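A short worksheet on the structure shown next.
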Number of protein chains: 2
Amino acid sequence: MTRHSWNSIKDLVMQKLNARHWLPGEKLPNEEMMARDYGVARTTLNRALREIAKEGYLIRRRKAGTFVATHPVRRAVVNIPIIRHEVEASDKAYRYRLLEQKMRLPPAKLETRPCLYLRAMHYADDAAYGLEERWINPHTTPDILTAPLDRMSANEWLVLNTPFSSGLVGFSAANATDEQADLLGLRPDAAVFIVNRETWQDEAFITSAQIIYTNTYRVESQL
Amino acid sequence: MTRHSWNSIKDLVMQKLNARHWLPGEKLPNEEMMARDYGVARTTLNRALREIAKEGYLIRRRKAGTFVATHPVRRAVVNIPIIRHEVEASDKAYRYRLLEQKMRLPPAKLETRPCLYLRAMHYADDAAYGLEERWINPHTTPDILTAPLDRMSANEWLVLNTPFSSGLVGFSAANATDEQADLLGLRPDAAVFIVNRETWQDEAFITSAQIIYTNTYRVESQL
DNA sequence: GTGTATTTGTCCGTATGTATG
DNA sequence: ACATACATACGGACAAATACA
């Protein structure tokens with residue numbers, strides 16, 4: 001019986017935006033008026049407009065009003081899956097091999113005390129999938145020292161066992177070093193796709209990882 | 001205290017999640033109880049939990065309840081700016097040069113009729129910044145044929161003049177072709193970072209672009 | 001700089017809808 | 001079929017930000 005949900009109001013406004021009913025930069029009527037026009041409560045209309053604004057198509061400012069974004073900032077949401085899930089999602093057998101594990105002094109921007117350094121390979125159906133180089137801070141995550149890292153990737157263990165407050169992801173490209181090319185089965189100097197991740201908890205560094213993928217790897221996302 | 005109450009409730013719940021007050025997979029108390037516990041209205045608590053769920057840390061199902069996500073899917077939101085804005089944001093002078101513009105038959109998956117094909121360079125302080133190769137469908141966007149593409153990048157024109165639509169973004173790495181290396185001032189075979197974009201409107205293709213950046217380019221994002 | 005009016009942001013309490021165990 | 005828990009609606013109220021006089 002409720003013909004109007006905030007979602008249908010959202011669709012309706014989006015249609016008007018697409019139809020250029022209001023031009024970029026133009027001011028929309030205020031909430032109260034629009035709510036009356038569409039026959040819904042202001043809170044309902046508010047939610048619809050808030051959602052549209054979050055998607056970047058509207059700009060809302062108190063006292064000023066609601067405006068059509070002139071340059072909608074396109075945002076893409078990319079999923080950062082656990083590598084095992086990513087491989088298994090493409091119907092391949094996942095395998096993980098720990099290459100190296102030792103305590104070393106990390107780059108100064110991370111920590112001044114020695115940390116756990118790991119190198120590991122990820123395989124999909126026995127083909128090299130990605131090379132992982134990772135630092136883990138045992139001072140914030142002491143349990144890592146007894147984790148079964150020979151069987152389970154550090155990534156997966158960390159997701160299950162440590163909360164974190166903030167993080168960074170970066171995507172970049174580089175030419176493979178000879179060693180990387182060798183491990184990944186690529187020709188020397190081949191382009192590789194690199195995903196960097198850093199996670200922190202309240203100024204204290206938890207882990208920093210670099211995953212080197214072959215150049216066939218792509219990150220894709222709906223706009 | 002009345003200020004941003006849903007946000008402070010969200011912080012509070014996030015803290016409890018981080019502190020493992022509820023374990024992954026565990027069920028939280030129902031909305032009514034939590035609202036009473038925290039001394040807020042149920043709608044307020046609802047909003048807090050809804051936001052947390054949208055970030056992936058909680059799973060909510062009607063009748064079943066609210067649960068701690070076992071494998072929170074990490075999502076990173078990356079902004080896809082207009083290249084001019086990106087360059088100007090780093091305090092450099094932006095320059096754009098159209099290299100080529102003609103009608104050609106695009107890849108069949110896009111369109112079966114001839115489309116506009118563009119190649120253009122983007123510069124930051126006279127240093128090569130990115131090479132753009134783009135298809136634009138004049139059958140969905142006829143005005144493009146009279147747009148001043150020698151002065152304004154197609155990207156920017158399209159953002160201003162075509163309605164919103166669905167799209168795809170992809171990030172990948174590759175070795176530069178000789179021509180690309182030459183245009184970008186890179187050594188032959190250097191790794192380049194490639195951003196692909198496709199935008200569609202109701203099954204009809206609008207534009208498809210590939211922007212080739214030097215390997216110093218990075219896409220970064222907060223987790 | 002100050003004050004005021006406007007507009008969005010949020011909260012509350014209640015009520016109803018809806019998916020689902 | 002039923003009960004439960006989330007999803008959403010409504011209207012009234014006040015807070016916060018800020019454009020404008």
Side-chain angles (χ1 to χ4, degrees), chain A residues 1-17 21-73 75, chain B residues 1-17 21-70 72-73:
Chain A
M1 180 58 188
T2 33
R3 293 184 48 255
H4 297 302
S5 68
W6 67 266
N7 211 33
S8 63
I9 299 288
K10 181 187 158 195
D11 287 348
L12 202 150
V13 173
M14 282 303 286
Q15 270 178 28
K16 286 203 173 185
L17 287 172
H21 183 268
W22 301 291
L23 297 179
E26 193 175 339
K27 183 170 184 274
L28 272 60
N30 68 35
E31 289 189 343
E32 204 177 344
M33 279 176 62
M34 291 184 77
R36 251 210 320 278
D37 286 352
Y38 298 139
V40 296
R42 190 170 81 88
T43 45
T44 305
L45 184 97
N46 179 285
R47 169 134 193 220
L49 295 190
R50 231 180 337 106
E51 297 272 336
I52 298 176
K54 194 180 284 187
E55 290 174 17
Y57 301 115
L58 291 176
I59 308 290
R60 318 192 74 206
R61 271 161 34 230
R62 282 167 163 154
K63 159 72 181 178
T66 302
F67 301 84
V68 182
T70 49
H71 287 281
V73 178
R75 292 193 201 86
Chain B
M1 191 220 158
T2 51
R3 191 170 147 277
H4 279 248
S5 157
W6 69 265
N7 216 8
S8 59
I9 298 288
K10 180 187 158 195
D11 287 349
L12 202 150
V13 173
M14 282 304 286
Q15 271 177 27
K16 286 202 175 187
L17 287 172
H21 182 269
W22 300 291
L23 297 179
E26 193 175 340
K27 183 170 184 273
L28 272 60
N30 69 33
E31 288 189 346
E32 203 177 343
M33 278 176 64
M34 292 184 78
R36 250 208 323 276
D37 286 350
Y38 298 139
V40 297
R42 195 167 83 84
T43 45
T44 304
L45 183 97
N46 180 285
R47 174 139 190 215
L49 295 191
R50 222 175 349 101
E51 299 272 335
I52 297 176
K54 195 181 281 187
E55 290 174 16
Y57 301 110
L58 291 177
I59 308 291
R60 318 192 74 205
R61 273 166 29 235
R62 284 171 159 145
K63 154 74 181 174
T66 301
F67 301 84
V68 182
T70 48
V73 178

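Small disclaimer: the values here were computed from a predicted structure and weren't measured. All chains are named by letter (A, B, ...) in the order of the sequence lines, taking the proteins before the strands, and each is independently numbered beginning at 1. Atoms considered below: every heavy atom in the structure, side chains included; atoms not considered: hydrogens, waters and symmetry mates.
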How close or far is atom [atom2] of [N] from atom [atom1] of [X], stated in whole angstroms?
| X | N | atom1 | atom2 | result |
| --- | --- | --- | --- | --- |
| B:Lys27 | C:dG21 | NZ | C1' | 11 Å |
| B:Glu31 | C:dT18 | CD | P | 17 Å |
| B:Leu28 | D:dC6 | CG | C1' | 13 Å |
| A:Asn46 | D:dG11 | CG | P | 15 Å |

Quiz item: Should A:Thr44 be listed as having a side-chain N or O under 4.0 Å from OP1 or OP2 of D:dC10?
Solution: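 For D:dC10, OP1/OP2 do have a side-chain N/O of A:Thr44 under 4.0 Å.
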Quiz item: Is the distance from OP1 or OP2 of D:dT4 to the nearest side-chain N or O of B:Arg62 less than 4.0 Å?
Solution: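 Answer is no, no contact under 4.0 Å.
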Across the strands shown, which category fits [X] at heavy-atom distances under 4.0 angstrom: base, sugar-phosphate, nothing?
| X | answer |
| --- | --- |
| B:Arg61 | sugar-phosphate |
| A:Thr43 | base |
| A:Asn7 | nothing |
| A:Arg42 | base |

Quiz item: Quick one: on DNA chain C, does B:Lys63 or A:Pro29 contact a more 5' nucleotide (nearest heavy atom)?
Solution: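 Taking each residue's closest nucleotide, the earlier one in sequence belongs to A:Pro29.
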Self-check item: Opposite nucleotide pairing with D:dA1, Watson-Crick or G-U, both atom distances under 3.5 Å
Solution: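 Looking at the geometry, D:dA1 pairs with no nucleotide.
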Exercise. Consider the side chain of B:Asn30, meaning its heavy atoms from C-beta on, and name the nucleotide among D:dC6, C:dG21, C:dC11 that approaches it most closely.
Key: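 The listed nucleotide nearest to B:Asn30's side chain is D:dC6.
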Practice problem: Compare the minimum distances between each of C:dC11, D:dA19, C:dG9 and the side chain of A:Arg60, then state the nucleotide with the smallest one. | Solution: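 Side chain of A:Arg60 sits closest to C:dG9.
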